[in-house]
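Remarks on the structure that follows.
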Amino acid sequence: MLGNLKPQAPDKILALMGEFKADPRQGKVDLGVGVYKDATGHTPIMRAVHAAEQRMLETETTKTYASLSGEPDFQKAMGDLILGQGLKPETTATLATVGGTGAIRQALELARMANPDLRVFVSDPTWPNHISIMNFMGVPVQTYRYFDSATRGVDFEAMKADIAQAKKGDVVLLHGCCHNPTGANLTLEQWTEVASVLEKTGAMPLIDLAYQGFGDGLEEDAAGTRLIASRIPEVLIAASCSKNFGIYRERTGCLLALCTDAGTRELAQGAMAFLNRQTYSFPPFHGAKIVSTVLNTPELRADWMAELEAVRNGMLKLREQLASELRDLSGSDRFDFVARHRGMFSRLGATPEQVQKIKDEFAVYMVGDSRINIAGLNENSIPVLARAIIEAGV
């Protein structure tokens, strides 16, 4: 029977990782995989995370099943982190998930349970796994224009025109901050206009908040999400703890469903628990306990915030250095968008041929659409990348 399976296309980023590992050249640079790295190329364990795990090791007395929807401490801590004063527990259903990807999948399953004719609007471009998941589920996808390849910023008027075509029963997927793969973000004023469009259409927003704290700060990165939550009656929010807590392998995520009333919240909470039961039964506990321990322990939370801020500022410094290097080499400001982008990623606007040339001649690896992981850079590799960009004719 298994011989009837069809070959699946390999994940392009994972394939690029394999190609990078096999490259024998000294000084090669990996800007492909979307994982935070420090200046030495290492993904460290955050101090507060390590301390939380030590506490857990000393105090835990059982490994029995926990809650089907996730532990209340984790749910409350994540709700507070994402929505702040705007959190309304009485109308918010919460689900612990297998990473941010699991939150996206469960959000789409929930929306499809509510509307079997679901259609999802996604930005062009978006994180490739968004569309891959929807295609696998058989959910129709409608793209909306987002990235202006000339300015390397948001093509906002085109975006508004496209999402205005959504209707009640549709879902509009929005990146909460640090847009992946472009790095180009909406301003708070633009979020306000997006909310107005959604109010007119009746479509439900699904916000993918994978990088809170990596852009302009914990509060600032949640501002757009909070604005939408204050304006739109029903909102889905998929959050990841992989990046801002550095616990990629613990697969810790959270789905919030903001509802119109307590009765609807009960329906949503029951449906979400049902989805967990059908998919993987109980969600992972260890990572969620790390997060709740850090967020609910004042000294650990303060240390986590300080380290997260250092990570964020380090990426901003790398952006500024790269933009400055490119300004000097090109004699123009056409690459200043790199400093304006936020988060781990920027899309350079290079052609696939230019990306190939950069890899072949300079041993700098990036995704074929010219998305680079800023966190993969350091002071020594920035001049290499800048020269490669210029000599490739980007």
Side-chain angles (χ1 to χ4, degrees), residues 35-36 38 42-89 92-103 106 176-177 209-215 217-222 225-226 237-257 269 272-273 276 280-312 314:
V35 174
Y36 172 75
D38 61 20
H42 179 60
T43 302
I45 299 175
M46 298 181 83
R47 297 185 300 268
V49 167
H50 192 270
E53 288 189 293
Q54 290 281 18
R55 294 186 183 206
M56 292 162 58
L57 181 65
E58 295 167 0
T59 59
E60 280 189 338
T61 59
T62 183
K63 292 293 185 182
T64 190
Y65 290 121
S67 171
L68 190 60
S69 295
E71 290 302 286
D73 285 351
F74 173 71
Q75 293 175 324
K76 176 66 164 57
M78 288 300 294
D80 287 338
L81 182 68
I82 296 165
L83 294 174
Q85 296 295 321
L87 176 65
K88 299 176 181 177
T92 302
T94 312
L95 190 72
T97 62
V98 182
T101 303
Q106 299 297 55
C177 65
L209 191 62
Y211 299 95
Q212 185 181 358
F214 265 35
L218 279 169
E219 297 296 304
E220 293 84 351
D221 289 348
T225 299
R226 294 175 183 181
I237 304 168
S240 171
C241 301
S242 295
K243 290 82 177 177
N244 52 12
F245 286 88
I247 51 174
Y248 295 87
R249 64 176 57 174
E250 305 301 348
R251 309 312 302 132
T252 306
C254 182
L255 172 63
L256 304 182
Q269 191 66 64
M272 289 157 70
N276 262 12
Y280 40 74
S281 205
F282 295 86
F285 177 85
H286 187 79
K289 185 64 174 178
I290 291 171
V291 171
S292 62
T293 300
V294 170
L295 293 179
N296 292 320
T297 307
E299 64 270 24
L300 294 185
R301 184 179 183 124
D303 190 40
W304 168 70
M305 291 176 65
E307 189 167 2
L308 180 60
E309 187 70 359
V311 165
R312 184 182 74 84

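All figures in this text were calculated on a predicted structure; none of them were measured in a lab.
- Residues Leu256 and Met78 are not in side-chain contact: their nearest non-hydrogen atoms beyond the backbone lie 4.5 Å or more apart.
- With contacts defined as side-chain heavy-atom distances shorter than 4.5 Å, the pair Thr101/Arg251 qualifies.
- Heavy atoms only, all atoms of each residue included: Ala222 and Ile82 are closest at CB-O, 3.5 Å.
- When side chains are defined from C-beta on, Met46 counts as touching Leu308, because their heavy atoms get closer than 4.5 Å.
- Minimum interatomic distance between Leu68 and Ser281 (heavy atoms only, all atoms of both residues): CD1-O, 3.4 Å.
- Between Trp304 and Thr297 there is no side-chain heavy-atom pair separated by less than 4.5 Å.
- The distance from the CZ atom of Phe285 to the CD1 atom of Ile290 is 10.0 Å, given to the nearest 0.5 Å.
- The shortest non-hydrogen separation linking Glu71 to Ala66 is OE2-CB, 3.3 Å.
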### Task
Please lay out, stage by stage, how Thr64 and Phe282 fare under the test side chain to side chain contact (heavy atoms under 4.5 Å, CB included).
CA-CA 11 Å; Thr64 190; Phe282 295 86; over 6 Å; no
#### Entry: Intermediate values then yes/no, side chain to side chain contact (heavy atoms under 4.5 Å, CB included), Leu295 and Asp80
CA-CA 10 Å; Leu295 293 179; Asp80 287 338; over 6 Å; no
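- A pairwise comparison of heavy atoms in Gly287 and Thr252 identifies CA-OG1, 3.1 Å as the closest pair.
- The CE atom of Met56 lies 7.0 Å from the NZ atom of Lys289; values are rounded to the nearest 0.5 Å.
- A salt bridge is absent between Arg55 and Glu58; no separation between the charged side-chain nitrogens and carboxylate oxygens falls under 4.0 Å.
- Side-chain atoms of Gln75 come within 3.5 Å of backbone N or O of Thr94 as a donor-acceptor pair.
- Taking the side chain as every heavy atom from C-beta outward, Ile237 and Leu83 approach each other to under 4.5 Å.
- Scanning all heavy atoms of the two residues, the minimum distance from Gly100 to Ser240 falls at CA-CB, 3.8 Å.
- Between atom CG of residue Asn296 and atom NZ of residue Lys76 there is a gap of 8.0 Å, rounded to the nearest 0.5 Å.
- Rounding to the nearest 0.5 Å gives a distance of 4.5 Å between CD of Gln269 and OG of Ser69.
- Between Gly70 and Pro283 the shortest heavy-atom distance is N-CG, 4.1 Å.
- Within the 3.5 Å criterion, the main-chain N or O of Thr97 finds no donor-acceptor partner in the side chain of Gln106.
- Formation of a donor-acceptor pair under 3.5 Å by the Asn276 side chain with backbone atoms of Ala96 is found in this model.
- The aromatic rings of Phe214 and Tyr36 sit perpendicular, their planes meeting at an angle over 60°, well past the 30° parallel limit.
- Between Gln54 atom CD and Leu57 atom CG the span is 6.5 Å, to the nearest 0.5 Å.
- With a 4.5 Å cut-off on side-chain heavy atoms, Glu220 and Cys177 do not count as touching.
- Annotation: the span from Thr43 atom OG1 to Arg249 atom CZ amounts to 9.5 Å, rounded to 0.5 Å.
- The side-chain heavy atoms of Arg301 and Leu81, taken from C-beta on, include a pair separated by under 4.5 Å.
- Residues Arg226 and Gln85 are not in side-chain contact: their nearest non-hydrogen atoms beyond the backbone lie 4.5 Å or more apart.
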